[in-house]
Amino acid sequence: MPDTRTRTRTLVRSPGLLVSYAVLVFALLAAVAPGLFTDQDPIAGVPAERLRGPGAAHLFGTDETGRDVFARVVHGAALSLWATLLAVLVSLVAGSALGLLAGFRGGWLDSLVMRFVDVLQAVPSILLSLALVTALGFGTTNVAIAVGVSNLAVFARLMRSEVLRVRTGVFVEAARASGVRWRGVLGRHVLPNSLGPVLVLATVTLGVAVLEVSALSFLGFGATPPTPEWGSLVAGGRGFLATAWWMTTFPGLTVAAVVLATNRVSRALDERGEA
Amino acid sequence: MTRRLLQAVAVIWAAFTLSFVILYLLPGDAALNRLGAAEGGITATPAEVAAVRAEYGLDDPLVVQYGKRLWAATHGDFGKSVMTGDDATGLVFDALPSTLEIAAAGLVLAVLFGGGLAVLGTYTRHRWLGNLLLSLPPLGVSLPQFWVGLVLIQIFSFQLRLLPALGTDGFAALILPGITIGLPTGAIIGQVLAKSLRTQLAEPYVEIVLAKGASRARVHFGHALRNAALPALTLVGVVAGNLLAGTVVTETLFSRDGIGRLTAFAVNSQDIPVVQAVIVLSAFFFVTINLVVDLIYPLLDPRLAGRVTRKAVAAGA
Amino acid sequence: MSALLEIRDLAVSYHTRTGVVRAVRSASLTVESGQIVAVVGESGSGKSTTAHAAIGLLPRGGRIEAGAVRFDGRDLTRLGEKQWRSVRGAGIALVPQDPTVSLDPVKRVGEQVAEVLLIHGLATRRTAPELAVALLGRAGIAEAAARARQYPHELSGGLRQRVLIAIALAGEPRLIIADEPTSALDVTVQREILDHLAHLAAESGTAVLLITHDLGIAADRASHVVVMSEGEVVEQGPTAAVLDAPTQPYTRALLAAAPSLAREPLRPRREPGPEVLVEVKGLRKTFTLGRNRTGPREVRAVDDVSFTLTRGRTLALVGESGSGKTTTARMVVGLEAPTAGTVTFDGHELSTMGDSRLRALRRRFQLVYQNPYASLNPRFSVEEVVTEPLRAFKVDSRAGRRARAAELLDQVALPVSTLARKPAELSGGQRQRVAIARALALRPDLVVCDEPVSALDVSVQAQILELLVRLQSEHGLTYLFITHDLAVVREIADQVLVMRHGRAVESGQADRVLAAPAHPYTAELLAAIPGADRVPLG
C-alpha cells in the first residue's frame, strides 16, 4: 500500500508528530492500565513523606498528605480522558445529527435548528456548561455532558455547511440525474463526503474538551476528593504554590502536553484531508 | 438595521428561554427547593417553604412560571439570590466594573500579542524566526488557563515578588489577570490571523501587486493584512463577547471580585437567579459586540457594503 | 538589433513535499522590441512557468535550475529583490489569466492602477488618481472616472481584465507578459480584449509575450509562435511558417486537434429525422434573486425557447455565459422546473409528471457534465461510478453489473483495469470517458452533454468528440449538446440553436447557420472565433 508508506514517511519527517502520537498512546495506556506506570497508591498517602520535592522516589514529588503526585496524575488519566471522550461524543453525535437534519431537509426545519444553534453560541460555552452543571449537579459525568452540549453548536454548523456544500456538488446532482433515490444520495454521496471535516473538528475538540473539563474540575465541580482528576489536582496544589510548586506544575504540564499532542495530531489529519 | 436589532433582541430572549429550560426544568427538586427556601427565608419551616413556593409561583404550571419570570426579567428582575437574599440583578451589576477592567485589559493584550505574532511571523524573511513565532499560538491554545495563571503567580508574586497574587484594587492587580486572559485569547487570534494572512498571500491578486514592482511591505501591509483582517475580526467579536464569562477561572484564581467569581460562587450554591442573570447579561454583551462588528465589516470589505451603508448614508443625510 | 527578451536553455523545477517536478526542461526563445510572440502549449507544457520565470514570480517552491533570462541586456536570474522591483511594472508587466481573482477585492480599481504610478515614482499622490483615470480610459473603459471609484466585484470579468491591462500599461513597460489573458472570458469579449491589447501594444511599441493554449489566438495575433510540450520548446518561428508548414509531428497533431482550426466536420451533417424525441415549447425560467424595494428581483434566465430534437441527431445549444443554455438543458432533463412552457420527451410531458414517473423516465435520458473533476464522487471507484445507475434501477445481478461495467469501459476505450481505480488517479480526459460510460450504462435514448470538452486540453477534446460521434452511430444516440464554442458545433452538430440573454436568436441546419448566419449576433460569434480568418467556415 503506497498510502501506508507515505504515512510512515510523514511520521519520520516530523518528529513532533511522532512525539505527539507517543504522548497520546501513553495517556491512553495510563487510563486503561495505570499499573504499568506506577505501583504507588494514589489515594492513601504516607504522612511521613508529605510535601517531598520531585526525586527518584517520587518523580513528581508528594502532596500535603504524602501521596505520590505522579501516581495521582497517572490514575487521574482514566477519569479525565473518559470525561473528555464523553464530552466530544456528545458534541459529535448530537451536533452532526442536528447539522445533517438542517442541511439536508432545509426549509423551516433548517431555520429552527440554526436559530437554536445561534442561541447556543450566544451564550459563552463555559457559562453554558456552568448552567448545566448547576442544573444537573456536580460530578465528572455531568461536567462532561455539560462541556459536550456547550460545544455542540460548532459541530451542527460545520456539518450543515458541509452537507450544503456537498449537496450542491455536481456529482450529487449527477447521481440524482441518473435516478438514484434521495436516501441513496444521502447515504452514499452526501454523508461520506461531508464527514471528513467534521471528524477533524472532533479531534480539535478533543483538546478543547480536555481544557474545559479540567477547568471545571479545577473550579471544583468535577470529581469529589480524594478521587484524582487532572484539573482538581492543580486546584489541590493551589494552597501550596509558595512551598510545593510541583503539586500544580506537573499536573498542569500533563494537561498541556496532552492538549498539545491532540492539536498536533488533528492538524496533521487536517492537512492530509486538504492534500 | 432594524432587522439586525430585532434579531439581537430575539437572541437575548432565546438565551433567557434556554437558561429557563436548563435551570428551572432540568433539575431535580434540590435546587428549586433551595430557591424556595431563599425566597422565603433560610430558616423557613417546610410549611412556610410550601407557602412561599406557592407565592412565588413555583407550583404554577410551567408556562405560567415562564411567563412570570420573563415578564419580570424584562423589568430587570431575575429574582433574589439564594446566597445573600439580595436582588440578583443588583449583585451582577455591582460585580460588572471590575470584570470589565480585566476583560478589557485581556482583550487589548490578546490583540497585541496575537496580531503581532501573526503579522511578524508571516512577514519575516527569516524562515526560522517565522516558524518560531508561528509555533507560539498553537502552543498558547494548548495551555490550561488556570495553570498559566498559577505559573504567573508563582513566578511574579512568589519568586520575584513584583506583582500582587490576589486582590481587586489598583493597576498592579490588573496585570497578571490581564495576561492570564490575554495569553490564550491572543493565541486563538494569532492562529486565525496567521492562517488568514497565509491564505491571502497565496491569492492571485498578490502576484499582480508584486508584478507592479511593489515591495513585500506594501504587499503585506497594504493589501494582504486588510483582506486577512476580516475573519480575524469576526473572531475578535466572538472572543470579546465571551470574555465576560471567560473571567470565571481567572477571577477565582486571583480572588478578584467580579462577574466570574460571582458565577463560580453561584454555581457552587446552585444559586439559580444569579446564574440566569449572568447568562442573560453575557448574551446581551455578546450580541451587542457582534452588532458593532457587523457595522465595522462593510468598512473593511466593500463587498459587504451594499444595503447597510446606503441606508446609513440615507439616514445620515 | 539585440533582443528585448532572450531566454536561453531555461530549466525550472518545483520542489514540493512529495518530490521535485521538472516543469521546464529546456526552453529558449527571444522577443524583439514591439513584437508579439505567442507561446502555445497544452496544460503541463511549461509555458506558464516559462512566462513567470521571466518576471521572477515563480510560485512557491519554483526554482530556476539552469539557463539565463536576459532582458534589455541584463541577466534577470541574477537580480536581487530590490533590483527586481524596478524591473517589474516598469520594465516587464503581467496580465494574468483570471481577472476575477487578480484584483485586490477591498480596494477601488482606480487606486490599484494609481499604485503602479506611485511605486515607480511616475506620479505624486495628488496627480496619480487623475492619471489612473486616463489609463483606464486608454484601456477601453467607458466613464473611466466613475469606474475608478468602483470596487472589483462591481465590474464584469471583461472590465476587470481591462483594469488589469491598465495596470500593466501604467508603468510604461517595454514587455507585457499576457498569461492566457482571455481564457476565462466569453469569445466576443475575448476578441475585444485581445484587439485592444494588440492595439495598445502597437501604439506604444510594447512587446507582448502571449501565453495561450489556443492555436487560433496565436494565429490571429502573433508574428512569431513558440510551441511547447512537456517542458521543452518543440518548434518555433514566424507564425505563418509554423502553422502552414509545421516540421514537428507534435505541432501537426496540435494543429489537427485545435477545434478552431479544424477543417472538416467529423461526420456528414444530417437533416432532422422522422421521429421527434424531444419537443420544447415556449420554455421560460425566472429566478428570484433576493428582493428590493419594489418586490422580488427577478432574472429571466430562459425566455420563450422552443425547439425539436429528432432521434439520432445532434442539436447544439450555443451561447455565451448567461445565455440560458445550461438552464434550458437542465429543464429538458427535469432537474429544473420550468416557470412556463412544456418539455415533451417521447410523448411524455415532463412538467406535469410526478416524481416517481419522472424517476422512471430518467433511465432514458442521461447527462454528461462540463467538469469531470467535480462530477464523479471522489470516494467511489470507477466501477461504483459506472454501475451506480444500474444499482439505482436494480438492473442485473452484482456479477452482471460488473460485466456491464467492463463492457462500458471498453466502449469508451478505457482498459478494464480502470474499474478498480479512484477518479483522483485519472486524467481529465479519462474521467470524462468514465462520465460518458456512466451516462450510457442504462442504454438511454438521449444524452445531454453540458460543455463536455471545455475543461479539457485541445488534443483530449478532439478524442472525446470523436468518441461521442462514434458512440452515437453505434448506439443510435440522440445528443443535446451545450457549448459556447462554435468551432465545436462545426465539428459535431446537425442542428444548431443560438441563444443570447435567455432568448433563441437563430436556429437551423448547422451548415446554413455557420455559412450564412441570419442574425448579427451569430455573425459576431463566428467572427470572434480565433483563427477564423485562416479557415473558411461551413
Segment of Glu212(A) engaging chain B (4.5 angstrom heavy-atom cut-off): neither
Does the ring pair (Phe, Tyr, Trp, His ring centres under 6.0 Å) test come out yes or no for Trp245(A) and Phe250(A), once each step is laid out? CA-CA 9 Å; Trp245(A) 55 268; Phe250(A) 289 115; 5.8 Å; yes
Modelled atom types, side-chain donor and acceptor of Glu229(A) and Thr140(A), under 3.5 Å: no
Measure Val267(B) against the heavy atoms of chain A and call it side chain, backbone, both or neither at under 4.5 Å. both
Can you tell which part of Thr249(A) gets under 4.5 Å to a heavy atom of chain B, answering side chain, backbone, both or neither? both
Count the heavy atoms of every other residue, nucleotide or ligand shown that sit under 6.0 Å from CZ of Phe240(A), and state whether that count exceeds 12. yes
Between Thr205(A) and Asn151(A), a side-chain donor and acceptor under 3.5 Å: no
When Leu139(B), Val280(B), Val287(B), Thr263(B) are compared by non-hydrogen pairs under 4.5 Å with chain A, the top option: Leu139(B)
Phe156(B) atom CZ, neighbour heavy-atom count above 12 within 6.0 Å: no
Heavy-atom pairs under 4.5 Å with chain A, option from Leu253(B), Val238(B), Leu143(B) with the top count: Leu253(B)
Heavy-atom proximity to chain B below 4.5 Å, by part of Ile126(A): side chain
Heavy-atom contact with chain B under 4.5 Å, split by part of Arg267(A): side chain
Mind ranking Val208(A), Leu219(A), Val123(A), Thr262(A) by heavy-atom pairs under 4.5 Å with chain B and telling me who comes out on top? Leu219(A)
May I ask you to name which of Leu127(A), Asp118(A), Val133(A) has the most heavy-atom pairs under 4.5 Å with chain B? Leu127(A)
Turns out that what part of Leu216(A) lies under 4.5 Å from chain B's heavy atoms comes down to neither
Flag, side chain of Glu251(B) to backbone of Gly260(B), donor-acceptor distance under 3.5 Å: yes
Would you say CZ of Phe158(B) has more than 12 non-hydrogen atoms from neighbouring residues, nucleotides or ligands within 6.0 angstrom? yes
Counting C-beta onward and ignoring hydrogens, is there a side-chain heavy-atom pair between Ser157(B) and Leu162(B) closer than 4.5 Å? no
Interface check, chain B: of Val210(A), Val258(A), Thr248(A), most non-hydrogen pairs under 4.5 Å belong to Thr248(A)
Quick check: under 4.5 Å, non-hydrogen atoms only, which of residues 7-17 of chain B neighbour chain A? Val11(B), Ala14(B), Ala15(B)
Using modelled atom types only, decide if a donor and an acceptor are shared between the side chain of Trp246(A) and the backbone of Thr62(A) within a distance under 3.5 Å. yes
Would you tell me whether Gln121(A) and Arg157(A) have side-chain atoms, one donor and one acceptor, within less than 3.5 Å of each other? yes
Side chain, backbone, both or neither: which part of Leu18(B) has an atom under 4.5 Å from a heavy atom of chain A? side chain
Distance col, row Ile279(B):CD1 vs Phe20(B):CZ, nearest 0.5 angstrom, shows 13.0 Å
Contact check, side chains of Val255(A) and Trp147(B), non-hydrogen atoms, under 4.5 Å: no
